[in-house]
2 protein chains.
Amino acid sequence: MTDGPSHLWHPYTRFSAVHAGLPCIVRGEGPYLYEASGARYVDAVSSWWACSLGHSHPRIVRAIQQQAEILQHSILGNLSHPPALELAERLAGLMPTPDRHVHFASDGASAVEAALKIALQYAHQTGHTRRTRFVSLKEAYHGDTLGAVGVGYLEEFHRLLRPALNEAWRLDVPDCRECMDPDCHSLCFAGVPSFLAEHADEIAGVIVEPLCLGAAGMKMYGPGYLKRLADTCRQLQIPLIVDEIAMGYGRTGRMFAYEHAGIDPDMVCVGKAVTAGYLPLSAVIVRDDLYETFSDVPDDHTFYHGHTWSGNPIAAAAALETLRIYEEESIVARAAESGRVLAGELASLKTRETVQQVRCLGLIGAVELKPDAETPPRARRVQHLLRERGYLLRPLGSVIYLMPPLNMEIEDLQQAAQAVKETIEAAE
Amino acid sequence: MTDGPSHLWHPYTRFSAVHAGLPCIVRGEGPYLYEASGARYVDAVSSWWACSLGHSHPRIVRAIQQQAEILQHSILGNLSHPPALELAERLAGLMPTPDRHVHFASDGASAVEAALKIALQYAHQTGHTRRTRFVSLKEAYHGDTLGAVGVGYLEEFHRLLRPALNEAWRLDVPDCRECMDPDCHSLCFAGVPSFLAEHADEIAGVIVEPLCLGAAGMKMYGPGYLKRLADTCRQLQIPLIVDEIAMGYGRTGRMFAYEHAGIDPDMVCVGKAVTAGYLPLSAVIVRDDLYETFSDVPDDHTFYHGHTWSGNPIAAAAALETLRIYEEESIVARAAESGRVLAGELASLKTRETVQQVRCLGLIGAVELKPDAETPPRARRVQHLLRERGYLLRPLGSVIYLMPPLNMEIEDLQQAAQAVKETIEAAE
């Protein structure tokens with residue numbers, strides 16, 4: 001626990017929690033985070049869904065240390081450097097069509113902002129000058145900068161930002177979780193094509209979290225919806241931006257969640273696990289048919305956009321080593337297998353009286369509790385009880401979820417699921 | 001030079017420059033960047049004004065390597081860790097009134113976005129619900145995310161973004177460069193108090209680059225203007241956000257540029273040199289009278305905002321070592337002294353026929369060339385000639401400037417200034 005007042009403004013943290021005292025983490029090892037006292041916690045949410053390979057992975061640590069020795073930073077404005085060149089090539093190569101260019105940022109939100117601005121400028125320079133709005137899903141989350149909030153959801157505490165936003169048109173959250181049939185004609189998609197067609201000349205882009213709306217409480221939907229959405233966008237020549245910042249890099253049991261739908265998005269945003277969560281790096285991976293319209297010949301259509309640390313060499317070196325580990329240790333296949341185990345473990349909760357729904361996808365296991373009027377709410381009580389047992393979780397409203405490192409041992413995963421089950425039952 | 005096509009989308013770079021071939025940097029050492037061939041360049045703009053201590057500083061490299069060994073990342077949502085706690089305390093302690101809290105991001109733009117959102121939410125929760133707009137300077141630059149662009153300037157290529165922006169009201173760029181008298185009553189400020197007073201109930205905040213508008217072409221103004229602006233904001237109870245991302249950390253000869261004006265800003269944004277430019281980290285440092293309104297007791301006013309890597313331990317460790325070096329090696333005093341040498345070296349350019357103006361402040365030396373109709377423009381030709389001589393510069397329009405590492409040896413600085421002078425003369 002931290003002692004006394006600090007000068008740190010904690011993100012997404014209530015003052016009352018700060019005053020009650022927060023665990024102070026001094027080191028990490030595998031799935032564990034440690035306080036100075038030796039108290040050990042399982043990082044059951046992978047440090048905001050980012051540390052997909054756990055902590056202190058010796059290969060990534062070494063990659064960081066080695067790159068730090070020779071080139072810490074050099075900008076990509078009219079220059080290049082090997083780690084950024086290689087990483088751009090690797091990321092493009094992971095896409096269904098690798099004819100792509102990769103624009104780097106540091107915060108996930110900044111990658112989303114780059115994608116939005118690319119879409120706006122692309123619309124403009126292809127003659128669609130009225131295409132200035134976006135379409136997103138209700139309850140979506142794409143980051144906290146103002147452009148990203150504009151395509152995100154608006155809970156009560158976000159409403160005050162409205163005058164500062166270019167608000168997206170919002171589609172209903174698909175309700176087709178049970179339908180994994182890519183040929184489905186789900187009702188939830190029924191109204192989408194006509195809406196998009198009607199407003200096509202005003203829509204610069206459509207942005208979605210693929211298959212799972214994370215911050216909304218792990219709300220999941222089937223690949224059939226995503227496939228149809230991509231097809232409709234393609235027909236209407238509206239760029240589709242798929243935000244894989246949370247769901248990419250194996251979390252859903254495929255390298256990218258959009259692969260479940262067999263689509264080829266115009267832009268893909270990545271972040272979080274891209275460096276195994278160790279250093280800030282994000283990117284938007286853009287199809288060349290969009291990229292090529294940004295030429296300065298004959299007229300200047302250059303993308304005058306960029307951040308200081310775009311493609312930072314040390315972070316890029318961590319990202320490259322992460323990809324090597326993913327490949328050599330078959331991390332994605334392992335996550336898919338572990339996900340089946342997790343889903344099996346949590347299944348018995350479905351019949352509990354306090355449980356609304358159990359939702360699993362890849363290595364995400366979410367348990368939504370029924371509404372309650374307790375103080376503190378039951379989910380918060382579960383969180384505190386789990387912390388006492390050495391598990392760090394962050395419920396989203398009444399949704400308790402596990403998103404552990406993808407390389408967690410099966411036995412540890414089973415123990416974590418068991419702890420969640422026992423705690424939910426104990427809190428009834 | 002890079003060989004063949006790459007998949008990297010270079011920020012702020014024309015396709016024609018990419019096609020002509022860009023230097024590929026493989027290592028850095030002091031003020032120098034090297035290609036694999038051994039070709040050596042002086043990093044005369046400190047890698048976008050960030051690498052204030054040059055490259056491969058052994059102490060910062062060691063700090064990165066050591067922190068990478070023990071804790072690469074852990075979030076600050078309901079947790080803390082020593083590097084972030086210590087860095088927040090150090091940054092608060094650098095302010096005139098250290099009763100502050102520090103909110104971390106990674107991209108500079110993300111820190112500005114946090115400041116804007118804090119101002120909006122602060123206005124709302126102090127009853128000023130109509131305060132939803134910002135005031136900034138014409139030609140200002142605060143970053144490239146959409147919120148930051150809204151308070152930035154709008155050159156031709158930014159106009160297309162207008163429908164997506166909450167556009168700030170823009171004050172004329174102060175034209176009081178020659179007036180360093182804090183008691184001046186410069187005409188350029190004359191209309192500002194009445195404008196702010198008239199719109200006070202609609203203004204959530206005022207944001208400025210202190211003393212020098214960097215991206216606009218190193219346009220400088222005196223501290224008298226900034227002092228009056230701060231006083232007016234304080235009278236009207238409008239928060240003042242000072243963006244020290246480029247000008248802070250000694251660049252102007254003081255630790256922060258606002259110190260020249262003797263003011264105490266409500267919010268201060270830092271980035272770039274905060275980690276000596278080695279790793280992505282930015283922050284907004286907020287007075288506690290604002291911070292304290294974000295309590296969740298009795299009603300919930302929590303700042304639901306944050307980025308994954310907020311206060312990343314490795315970047316924070318680099319930032320802490322940077323501050324130690326600044327202190328132990330008197331970097332700021334050294335920059336002030338070097339700045340006087342640079343200004344002396346460039347002074348003779350003032351009388352050249354092709355030179356419009358020479359502007360110096362701290363360790364910034366800017367030479368604005370007169371308009372020309374050459375192809376390529378003369379400034380671009382100067383840039384290319386300097387690159388051939390081993391100096392990497394990035395002119396802003398017709399403005400050629402030096403912003404070298406603050407710890408550059410005086411002799412190297414004199415040589416760089418000499419190279420700039422000779423090249424400008426040769427290009428006449």
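Contact annotation for B:Glu113: only side-chain heavy atoms (C-beta onward) come within less than 4.5 Å of a heavy atom of chain A. For B:Val149, the part sitting under 4.5 Å from any heavy atom of chain A is the side chain, from C-beta outward, and nothing else. Only the side chain of B:Ser310 comes within less than 4.5 Å of a heavy atom in chain A; its backbone stays farther off. At a 4.5 Å heavy-atom cutoff, the contact between B:Leu33 and chain A is made by side-chain atoms alone. With a threshold of 4.5 angstrom between heavy atoms, B:Arg162 does not approach chain A through any atom at all. Heavy atoms of B:Asn78 lying under 4.5 Å from chain A belong to its backbone as well as its side chain. Residue contact with chain A, scored on non-hydrogen atoms closer than 4.5 Å, involves the backbone of B:Pro98 exclusively. Heavy atoms of A:Thr275 lying under 4.5 Å from chain B belong exclusively to its side chain. When heavy atoms are compared at a cutoff of 4.5 Å, B:Val286 approaches chain A solely by way of its side chain, counted from C-beta outward. With a 4.5 Å cut-off on non-hydrogen atoms, B:Glu86 does not touch chain A at all. Of the atoms belonging to B:Ile285, not a single heavy atom falls under 4.5 Å from chain A. B:His124 touches chain A through its side chain: at least one heavy atom from C-beta onward sits under 4.5 Å away, while N, CA, C and O do not. If you measure heavy-atom distances from B:Ala92 to chain A, the contacts under 4.5 Å come from the side chain alone. Proximity to chain B is limited to the side chain of A:Ile64, based on heavy atoms less than 4.5 angstrom apart. The part of B:Ala50 that comes within reach of chain A is its side chain, from C-beta onward, which places non-hydrogen atoms under 4.5 angstrom from that chain. In this structure, the portions of B:Phe294 lying under 4.5 Å from any heavy atom of chain A include both its backbone and its side chain.
A donor-acceptor pair under 3.5 Å is absent between the side-chain atoms of B:Trp48 and the main chain of A:Ser74, judged by distance alone. No donor-acceptor pair closer than 3.5 Å links the side chain of B:Arg27 to the backbone N or O of A:Glu69. Within the 3.5 Å criterion, the main-chain N or O of A:Leu79 finds a donor-acceptor partner in the side chain of B:His10. Side chain of A:His7 to main chain of B:Arg100: a donor-acceptor pair is present (N/O by atom type, distance under 3.5 Å, no hydrogens or angles). For the pair B:His73 (side chain) and A:Pro280 (backbone), a donor-acceptor distance under 3.5 Å is absent. Without hydrogens or angle criteria, B:Asp296 side chain to A:Ser16 main chain gives a donor-acceptor distance under 3.5 Å. B:Asp144 places a side-chain N or O within donor-acceptor distance of the main-chain N or O of A:Gly306, the cut-off being under 3.5 Å.
The greatest number of non-hydrogen atom pairs below 4.5 Å with chain B, out of A:Gly147, A:Pro163, A:Ala114, is found for A:Pro163. When the candidates B:Leu165, B:Leu71, B:Thr129, B:Leu87 are compared by the number of heavy-atom contacts under 4.5 Å with chain A, B:Leu71 comes out ahead. Of the residues considered (A:Thr308, A:Ile245, A:Ile314, A:Thr132), A:Thr308 shows the highest number of contacts with chain B, using heavy-atom pairs under 4.5 Å. Most heavy-atom pairs under 4.5 Å with chain B, from the set A:Gln66, A:His103, A:Glu167: that is A:His103. Ranked by heavy-atom pairs shorter than 4.5 Å toward chain A, the options B:Gly93, B:Ser47, B:Ala204, B:Gly77 are led by B:Gly77. Your options are A:Ile60, A:Leu120, A:Val45, and the one with the most heavy-atom pairs under 4.5 Å with chain B is A:Leu120. Ranking A:His55, A:Gln65, A:Arg133 against chain B, the residue ahead of the rest is A:Gln65, based on heavy-atom pairs under 4.5 Å. For the options A:Gly277, A:Ala68, A:Ala315, heavy-atom pairs under 4.5 Å to chain B are most numerous at A:Gly277. Most heavy-atom pairs under 4.5 Å with chain A, from the set B:Thr145, B:Asp99, B:Leu392: that is B:Thr145.
Aromatic ring pairs are classed by plane angle as parallel below 30°, tilted from 30° to 60° and perpendicular above 60°; the pair B:Trp9 and A:Phe303 is tilted.
The nearest pair of heavy atoms linking A:Ser110 to B:Asp107 is OG-OD2, 2.6 Å. The two residues B:Pro82 and A:Cys24 make their nearest non-hydrogen contact at CD-SG, 3.8 Å.
For the residue pair A:Gln72 and B:Ser56, a side-chain donor N or O sits within less than 3.5 Å of a side-chain acceptor on the partner.
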